[in-house]
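This report refers to the structure that appears directly beneath it.
Excluded from the calculations below are hydrogen atoms, water molecules and symmetry mates; all remaining heavy atoms, backbone and side chain alike, are included. A note on names: the letters A, B, ... follow the listed sequences, proteins ahead of strands, and every chain is numbered from 1.
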2 protein chains.
Amino acid sequence: MLKKHHEYAKGLLKERNLKATTTRIQVISLISAYKTAMPLSKIQQSLANTDRVTLYRTLNALLEKGLIHKAFSSGEDTYYALCSDSCSTHAHQHDHIHFKCKVCQMVTCEYPEEKVVVSFPGFKVDSLNVSAVGVCGRCA
Amino acid sequence: MLKKHHEYAKGLLKERNLKATTTRIQVISLISAYKTAMPLSKIQQSLANTDRVTLYRTLNALLEKGLIHKAFSSGEDTYYALCSDSCSTHAHQHDHIHFKCKVCQMVTCEYPEEKVVVSFPGFKVDSLNVSAVGVCGRCA
DNA sequence: TTTTTAAATGCAACAATGTTGCAATAATAG
DNA sequence: CTATTATTGCAACATTGTTGCATTTAAAAA
Ligand SMILES: [Mn+2]
Ligand SMILES: [Mn+2]
Ligand SMILES: [Zn+2]
Ligand SMILES: [Zn+2]
């Protein structure tokens, strides 16, 4: 059951030429098993015996290599989600948006039917960041 | 020239039942004169002889009363902009988006022609936050 | 204008979050 | 299995923001 995520994590790390260390495997497995974006506070709880610094360095490594991304960041917590294959070592490529349910606090990556497009005359838009807050299906 | 912003600031403060203290007037005047959203670092520079704590408390007061809003927040800096009249003591009501030019670092509030709408089945969207990064007209 | 009083300020101390240098340790290539 | 190199843990530091409290200031009352 956890083995599945564990093996998956190892594969991802090898693909991106990152050493498959215990902490990295644990972080990826955790987020993978969590299904929705996982708040840092929960990751920390689960890895309570891992040094704070190591966790930060691990998250930074995974962010840089395009394995995870910041899905939401409020004053309270920062949520991390696994990247899809479209993200590479050199660039994140996200065309989705992030939704936070204000009831259950869950944060998810959502892919709306109509792609969000914004343009203003005279400006060149390189990247767009869209996040929404509301009530999720289960809480409604 | 600065008098104008100064008087404007006093008016805004009175409207929202905030005491017209020196720091508050200065902060509002500064942002008002800055035209685009002003980074905290610059506000701090301009108010170097004001206590750090006072500045934080001032910004919080202005945020709570709907006089200013956070326009952009990167790891580097947080940008503050004046609110329009639609924001009140009790709720911010922003239907605009925030643009940051990655060349000149300027952050502006923009009102695209087509209003951005996002919906996913099963979710109730209360608020939408859209920010864009790119190149502004002057830098293009 | 002067007095009163309630709120804002400055200071010191604290808290939370993240970063850096370096010696000890663990992962992987040979 | 051994050698090599990256990762880890620890201590120390940095940055950002918050809290309690005595002093000062703004604005209302006299
Ligand atoms: Mn996402
Ligand atoms: Mn704005
Ligand atoms: Zn929910
Ligand atoms: Zn520009």
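The CD-C1' distance, from B/Q26 to D/dT25, rounds to 14 Å in whole Å. Straight-line distance from the OH atom of B/Y56 to the C1' atom of C/dA8: 18 Å, rounded to whole Å. What separates CG of A/L55 from P of D/dC10 is a distance of 14 Å, to the nearest Å. Per the geometry, NZ belonging to A/K14 stands 12 Å off C1' belonging to C/dA29, to the nearest Å. Counting to the nearest Å, the C1' atom of D/dT8 and the CG atom of A/L18 are 15 Å from each other. Going from atom CZ of A/R24 over to atom P of D/dA6 covers 11 Å, rounded to whole Å. Spacing between atom CD1 of A/I25 and atom P of C/dA26 amounts to 15 Å, rounded to whole angstrom units. In this structure, A/D51 places its CG atom 18 Å from P of C/dC22, rounding to the nearest Å.
Judged by distance alone, the side chain of A/H98 and the main-chain N or O of A/F72 form no donor-acceptor pair under 3.5 Å. Using modelled atom types, one side-chain atom of B/D77 and one backbone atom of B/S41 make a donor-acceptor pair closer than 3.5 Å.
Contacts of A/L13 with the nucleic acid, taken as non-hydrogen atoms under 4.0 Å apart, are absent. Note on A/N60: only backbone sugar-phosphate atoms sit closer than 4.0 angstrom, heavy atoms only; bases stay farther off. Within the nucleic acid shown, B/L40 comes within 4.0 Å of sugar-phosphate atoms alone, with no base atom in reach, counting heavy atoms only. Within the 4.0 angstrom heavy-atom criterion, no nucleotide atom of any strand lies near B/A61.
Checking the phosphate oxygens (OP1, OP2) of D/dT7, no side-chain nitrogen or oxygen of A/T58 falls inside 4.0 Å. A close approach under 4.0 Å does not occur between any side-chain nitrogen or oxygen of B/T22 and OP1 or OP2 of D/dT25. The side chain of B/T23 contributes an N or O atom lying less than 4.0 Å from OP1 or OP2 of C/dT9.
Distances from the side chain of A/R57 to the nucleotides C/dT9, C/dA8, C/dG21 place C/dG21 closest. Distance from the side chain of B/V53 is smallest for D/dT19 among the nucleotides D/dT7, D/dA11, D/dT19. Side-chain atoms of A/T50 lie closest to D/dG9 of the nucleotides D/dG9, C/dG18, D/dT19. Checking C/dT9, D/dT8, D/dA26 against every side-chain atom of B/T54, the shortest atom distance belongs to C/dT9.
Taken from CD1 in B/I97 to OG1 in B/T108, the straight-line distance is 8.5 Å, to the nearest 0.5 Å.
You'll find a donor-acceptor pair under 3.5 Å spanning the side chain of B/R52 and the base of D/dG17, going by distance alone. One can find a donor-acceptor pair under 3.5 Å joining the base of D/dT5 and the side-chain atoms of A/K19.
Atom CD of B/Q44 has more than 12 heavy atoms from other residues, nucleotides or ligands within 6.0 Å.
Each of B/T21 and A/T21 lies near DNA chain D, and the nucleotide nearest A/T21 is the one positioned closer to the 5' end.
For the pair B/Y79 and B/T36, the minimum side-chain heavy-atom distance is 4.5 Å or more.
Using cut-offs of 30° and 60° for the angle between ring planes, the A/Y111 and A/H96 rings count as tilted.
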